[in-house]
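Structure, as structure tokens:
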Amino acid sequence: MFELGRNKILRGKREFNTVHSKGRSFANREMVIYILNDENLNGKAGFAAGKKLGCAVIRNRVKRILREAYRLNQHNIKQDCAIILVGRKNLIEAKADVAIKSFQEICKRAKIWID
RNA sequence: GCAGGUAGUCGAGGCGAUCGCGGUUAAUUUUUAAUCGAGGAAAGUCCGAACUCCACAGAGCGGCGUGCCGGAUAACGUCCGGCGGAAGUAAUUCCAGAGAUAGUGUCACAGAAAACAAACCGCCAAAUUUUUUGGUAAGGAUGAAACGGCAGGGUAAGAGCCUACCAGACGUGCAGUAAUGCUCGUGCUUGAUAAACCUCACGCGGAGCAAAACUAAAUAGGAAAUGGUUGAGGUUGCUCGCUGACAUUUCGGGUAAGUUGCUUGAGUUGUGCGGUAACGUACAAUCCAGAUAAAUGAUCGCCAUUAUUACAAAAUUCGGCUUAUUGACUGCCUGCCUCC
RNA sequence: GCUUGCUUAGCCCAGUUGGUAGAGCAUUUCCGUCACAUGGAAGGGGUCGAGGGUUCGAGUCCCCCAGCAAGCA
């Protein structure tokens, strides 16, 4: 019930660019999220970590933590939107529960949270 | 025991539970089960190959690389052994280590003079008289570097002018596959720089898996200008040779999806044999990631620890090099101290 | 993944065969002005991205790292 298969992940440069450029953005100290309501992309998520964070090991770790935060909370989020999560510097040393709380907080601010 | 040198191993957690990811194979159908799932550097892209395309790859000039000798290898700028030089008490480590008598260039400032030698001070002799002429390379000063060093003889003063020792050059002989080493002889002694041009020897065609091939879809298989079978364009920088009809720019439109390449290979492990070694060879065992917004993670408990943990993530594949790095362990060797 | 280029003063840049690192803007001081700007004069400020090598001597030549930027279906 917490699966996150391949069909639920944004694929290709085009899908990313549409969400990234057209979507609304929200940010806090740990991450930035982009949200877009698009019929073809709804229910999908993407994960990113910029080159400034560090080497490949650190970037992979940040993306995994973001994936974990989204995976455990995906049923509490409205299904009519596509989300991109981008990691920031505070997430490099952080544990998973920090990322989860941060994700819940930011979703409530974006008004896509359902209890 | 202390201090060092060298070769190598492990590689950061282990076990259990819950949630979850990628490949393969089964079932059956869209979910289950089994099994496998990052490194010693996967990194930098610095060399060398395999592989693919370009004439299944050609000629000349140019260009680039390598550079003591012998071997290893598919190949190499790598490795092993030896020689020479430098550092260290030693074990040992480091070296782009051919040629400066084929030619050209450069050597700032200082200094008399920076390369077919020359003569500022000085020294000696002669003249004349306070300067000139000749001899000289011992001494001084400058510089990174001054035309072998040092001692004795010799001389007007000096000088390889002569002699001994040392350094180098050339030649003879001996040892060694060779680099080179040793012996003897000849007064033969004529800077440095080749990571300056260059000479000699050897090697190199170009591009790279975003290479390349196939399938499917889409549309206006568009238009204009310039050049073009009197040869466009491609093939390396040029010339030849080969190929033989489109190429470039501007405007406008569309696709940028999937499959193959993609992992069985100069493979890995073990044992024996040959070789000082790099390595080779025989036999046996074994299959060990193959993704494409990109898979190894999260949480909790127990154990270990100074520490929730060094450096760090495959992207066509191998052989090296270089760089980053924690803690621990093992073998051998050297020097010093103590005891038996 | 592959292939290229660039790092020099606070900023933007020169530096041609190796020989004491320069210009413009900015900055400091002085002159000038009632005062400020413009103007004139003088001065300070550099580990030449880092480390090693060749050389008597490297910004420059060679090797090797770091950072930044660009291109390739």
Side-chain angles (χ1 to χ4, degrees):
Chain A
M1 63 183 289
F2 293 111
E3 294 95 344
L4 188 63
R6 196 175 266 178
N7 58 343
K8 287 188 175 177
I9 291 180
L10 288 173
R11 303 183 72 191
K13 202 170 188 176
R14 220 168 154 205
E15 298 184 355
F16 255 77
N17 279 348
T18 50
V19 178
H20 188 270
S21 55
K22 293 180 183 173
R24 297 174 295 143
S25 69
F26 298 89
N28 60 9
R29 296 175 71 78
E30 282 79 23
M31 63 182 74
V32 184
I33 64 170
Y34 295 88
I35 301 169
L36 181 69
N37 185 350
D38 188 305
E39 284 187 2
N40 300 321
L41 306 175
N42 279 350
K44 287 188 174 184
F47 308 95
K51 213 172 186 180
K52 284 183 182 175
L53 291 181
C55 60
V57 174
I58 291 171
R59 281 182 272 130
N60 274 351
R61 184 186 147 67
V62 168
K63 281 199 275 184
R64 281 183 193 134
I65 286 175
L66 290 173
R67 178 196 299 272
E68 196 71 9
Y70 179 79
R71 184 176 70 81
L72 295 172
N73 292 297
Q74 57 182 317
H75 296 293
N76 295 331
I77 291 172
K78 290 182 183 174
Q79 286 297 306
D80 60 343
C81 61
I83 304 180
I84 293 179
L85 292 87
V86 182
R88 303 182 83 175
K89 268 193 176 176
N90 287 19
L91 214 57
I92 293 172
E93 299 277 323
K95 289 196 199 174
D97 54 348
V98 174
I100 291 167
K101 281 180 188 172
S102 169
F103 182 63
Q104 289 174 354
E105 185 265 331
I106 208 169
C107 286
K108 283 169 187 168
R109 259 197 307 134
K111 295 176 181 172
I112 55 171
W113 185 262
I114 45 177
D115 290 321

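In what follows, every heavy atom counts, from backbone to side chain, and hydrogens, waters and symmetry copies are set aside. Chain A is the first sequence line, chain B the second, and so forth, proteins listed ahead of strands; every chain is numbered from 1.
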How should the glycosidic conformation of [N] be described, syn or anti, under the criterion that syn lies within 90° of 0?
{"N": "B:rU316", "answer": "anti"}
{"N": "B:rC56", "answer": "syn"}
{"N": "B:rU263", "answer": "syn"}

Review point. Quick one: salt bridge (Lys or Arg N to Asp or Glu O under 4.0 Å) partners of A:Arg109, sequence neighbours excluded?
Key: A:Glu105

Review point. In whole angstroms, how far is the C1' atom of B:rA293 from the CG atom of A:Leu85?
Key: 13 Å

Check your understanding: Just how far, in rounded Å, is C1' of B:rG20 from CD1 of A:Ile100?
Key -> 13 Å

Contacts under 3.5 angstrom, residues 55-66 of chain A side chains, donor-acceptor by atom type, not counting sequence neighbours:
residue	atom	partner	partner atom	Å
A:Arg59	NE	A:Gly54	O	3.1
A:Arg61	NE	A:Ile92	O	3.4
A:Arg61	NH2	A:Ala94	O	2.9

Exercise for review: Please work out which residues in residues 58-65 of chain A have a non-hydrogen atom less than 4.0 Å from an atom of RNA chain B and list them by number.
Suggested key: A:Asn60, A:Arg61, A:Arg64

Check your understanding: Mind checking what makes side chain to side chain donor-acceptor pair (under 3.5 Å) contact with A:Arg29, not counting sequence neighbours?
Key -> none

Revision key, fill the gap. Across all chains, not counting sequence neighbours, the side chain to side chain donor-acceptor pair (under 3.5 Å) partners of A:Gln104 are A:Asn73

Point to revise | By ring-ring contact (aromatic ring centres under 6.0 Å, His included) - contacts of A:Phe26 (at least two apart) | key: none

Revision key, fill the gap. When A:Ala45 and A:Asp97 are each assigned the nearest nucleotide of RNA chain B, the 5'-most assignment goes to A:Ala45

Review point. In terms of the nearest nucleotide of RNA chain B, which residue is placed more toward the 5' end: A:Glu68 or A:Leu72?
Key: A:Leu72

Review point. Partners of A:Leu36 by side chain to side chain contact (heavy atoms under 4.5 Å, CB included), sequence neighbours excluded?
Key: A:Val19, A:Lys22, A:Asp38

**Study point:** Whole-angstrom distance between B:rC47 and B:rG65, as gauged at atom P
**Key:** 11 Å

Practice item. Could you give the distance separating B:rC333 and B:rU93 at their C1' atoms, to the nearest angstrom? Key: 14 Å

Considering only nitrogen or oxygen atoms on both sides, find all protein atoms under 3.5 Å from nucleotides 39-44 of chain B and state each distance.
none

Check your understanding: Using Watson-Crick pairs (N1 to N3, plus N6-O4 or O6-N4) and G-U wobble pairs, both distances under 3.5 Å, which stems of at least 3 pairs involve RNA chain C?
Key -> C:1-7 with C:66-72, C:28-31 with C:39-42, C:51-53 with C:61-63

